[in-house]
*Asks:* 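Let me begin by handing over the structure; questions about it come next.
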Amino acid sequence: MRLSRFFMPTLKEDPKEAQIASHRLMLRAGMVQQSSAGIYSWLPLGLMVLKNIEKIVREEQNKAGALEILMPTIQPADLWRESNRYDDYGKEMLRITDRHNREMLFGPTNEEQVTDIFRSNVKSYKDLPLNLYHIQWKFRDEVRPRFGIMRGREFLMKDAYSFDLDPEKSKIAYNRMFVAYLKTYARLGLQAIPLRADTGPIGGDLSHEFIILADTGESEVFYHKDILNLETPEEKERTPEELQAVVDEWTSYYAAADEMHKPEECTVAEGDLITRRGIEVGHIFHFGDKYSKAMGANVTGPDGKDVPVSMGSYGIGVSRLVGGIIESSHDENGIIWPEEISPFKVGLINLKSGDDACDTACDDLYAKLQNAGVDVLYDDTSDRAGGKFAKMDLIGLPWQVTIGPRGLKSGVVEFKNRATGVKEELSPEDALKRLAG
Ligand code: 5CA
């Protein structure tokens, strides 16, 4: 992509409304634009990142055996009356009336909708286990939307819903998602901690929040220091016993969200207990028959008897993760994208656009990178060198290649690692090899 043809409305100054780094940097890099409180448009650079995160989340859900569907954003109020959540949800729910005066709502979550799909199609235990997920926009009329997309009113969530014959089996589904989450966050370059958590309006008896540590996080968290040394489980098929063993290992260290932290229960020695702030990037719930019982989602078991299906639900804050990743990976000059998430792999800077030698060398390397399948953003504009460097640092692509008249005389380009700042002089061919390798 040539920067001259791209739409990336960057800001030189810090926007006044941004209190935390990720919000400031997302606005400065032209990733999002506020439409109204807590509601954002995603501009090209921001959308690329959002899609990259979505892709990793989707791949890990598929590997864990979940099946992708897409449920609507608008749901009928009657479904929510069945579970008794229509009134309980209160002001956080955006309620809508259609032209026929039917009550509708913009979904804050999809337990009712997915239970309705289940009950109209699945009748026998033989069709279980089943896990359905979608990646869809949600709306919650938060009292205090803040920190940009971090606590938005409209936000993108991956939500999965598992269906099993009994609580013992749905606990296996829960464990499978728990392990899939550990892998998902690791691929996103994040160290996530699973915490014992409150179930809130979703309900149930068992729940974990996944948080990443950040001083600007909204939740206070308590954990045993050694939980940070645990290794992400490797890729493999796991039996229910093996899944349980991974979950047991991770939950053997004390880790609890603020509202669940009780000193009298916490047995961690004083020097081992750490208190920090964290960002909740996922939340999983085991709630058994809460919805299936209320909504008549029954299956016939092996004994011929009908029982309400046992369920869990599993959320990941996909749009919040964009901010979360920036909070954990930036410096004073801007964002530092992990390679898998970055909107482009490399930024190519032409230091003297209009100069024949520079244009030829840049155009040539640009074409070769594209042929090699390397995503490249080529700054071919006539901006000043200082401005070009600052912009590339701000948007945080993992690699930068700078081509200027002086280097070209000795046949070299400058090759820079954004994260470490280390610069090398390489021939254009070597730069290409390093990026395409
Ligand atoms: N139905 C369940 C799980 S599928 C559910 O709704 N869980 S939740 O309420 O915990 O939301 C799941 C995740 O969405 C949270 O962990 C968080 O990462 C993200 N999220 C929740 N509210 C917001 C918000 N206002 N803005 C951005 N992300 C949010």
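Both ligands and their constituent atoms are indexed starting at 1 by order of listing. From a predicted model like this one, the values you see are computed outputs, not experimental measurements.
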*Asks:* Can you pull out the closest protein heavy atom to atom 26 (N) of ligand 1? Residue, atom name and distance to 0.1 Å, please.
*Replies:* Gly152 N, 3.1 Å

*Asks:* Strictly below 4.0 Å, N to O, side chains only: are Asp331 and Arg418 in salt-bridge contact?
*Replies:* yes

*Asks:* Taking N or O atoms only and a 3.5 Å limit, does Ser319 qualify as a polar contact for ligand 1?
*Replies:* no

*Asks:* For atom 13 (C) of ligand 1, what is the nearest protein heavy atom, given as residue, atom name and distance?
*Replies:* Gly317 N, 3.9 Å

*Asks:* Answer yes or no: is there an ion pair linking Lys236 with Glu242, defined by an N-O contact shorter than 4.0 Å?
*Replies:* yes

*Asks:* Among all protein non-hydrogen atoms, which one is nearest to atom 5 (C) of ligand 1, and what is the separation to 0.1 Å?
*Replies:* Ile202 CD1, 3.7 Å

*Asks:* Using a 4.0 Å cut-off to any heavy atom of Arg151, which atoms of ligand 1 qualify?
*Replies:* 26 (N)

*Asks:* Do we see a donor-acceptor contact under 3.5 Å between the side chains of Ser310 and Asp289?
*Replies:* no

*Asks:* Identify, by atom number and element, the atoms of ligand 1 in contact range of Gly282, meaning under 4.0 Å from any of its heavy atoms.
*Replies:* 16 (O), 18 (O)

*Asks:* Which residue owns the protein heavy atom closest to atom 16 (O) of ligand 1, what's the atom, and how far is it?
*Replies:* Glu280 OE2, 2.5 Å

*Asks:* Report yes or no: is the cationic atom of Arg119 (NZ for Lys, CZ for Arg) under 6.0 Å from the centre of the six-membered ring of Tyr291, at an angle within 45° of the ring normal?
*Replies:* no

*Asks:* Charged N to carboxylate O below 4.0 Å: is that the case for Asp78 and Arg81?
*Replies:* yes

*Asks:* Using a strict threshold of under 4.0 Å (side-chain N to carboxylate O), is an ion pair present between Arg153 and Asp141?
*Replies:* yes

*Asks:* Among all the protein's non-hydrogen atoms, which is closest to atom 7 (N) of ligand 1, and how far away is it?
*Replies:* Phe285 CE1, 3.4 Å

*Asks:* What do you reckon, does Thr109 have a nitrogen or oxygen under 3.5 Å from a nitrogen or oxygen of ligand 1?
*Replies:* yes

*Asks:* Salt bridge between Glu60 and Lys63, side-chain N to carboxylate O under 4.0 Å?
*Replies:* yes

*Asks:* Return the closest protein heavy atom for atom 22 (N) of ligand 1 as residue, atom name and distance.
*Replies:* Phe155 CZ, 3.5 Å

*Asks:* With nothing but distance in play, are any N or O atoms of Glu111 less than 3.5 Å from an N or O of ligand 1?
*Replies:* yes

*Asks:* Mind jotting down which residue pairs meet the ring-ring contact (aromatic ring centres under 6.0 Å, His included) criterion with at least one end in residues 9-41? Sequence neighbours excluded, please.
*Replies:* none

*Asks:* Short list, please: which atoms of ligand 1 are under 4.0 Å from a heavy atom of His283?
*Replies:* 10 (O), 16 (O)

*Asks:* Would you say that His286 contacts Asp205 through its side chain, given a criterion of any heavy-atom pair below 4.5 Å between the two side chains?
*Replies:* yes

*Asks:* Indicate yes or no: does an N/O atom of Arg140 lie under 3.5 Å from an N/O atom of ligand 1?
*Replies:* yes

*Asks:* Check if Met150 has a non-hydrogen atom at a distance under 4.0 Å from any atom of ligand 1.
*Replies:* yes

*Asks:* Looking just at side-chain N and O atoms, do Ser162 and Tyr314 make a donor-acceptor pair shorter than 3.5 Å?
*Replies:* yes

*Asks:* Does Arg196 come within less than 4.0 Å of Glu265, counting only side-chain N to carboxylate O?
*Replies:* yes

*Asks:* Side chain, backbone, both or neither: which part of Lys138 comes within less than 4.0 Å of ligand 1 when only heavy atoms are counted?
*Replies:* neither

*Asks:* May I ask you to identify the nearest protein heavy atom to atom 11 (O) of ligand 1, giving residue, atom name and distance to one decimal place in Å?
*Replies:* Met157 CE, 3.4 Å

*Asks:* In terms of atom number and element, which parts of ligand 1 are under 4.0 angstrom from non-hydrogen atoms of Asp159?
*Replies:* 4 (S)

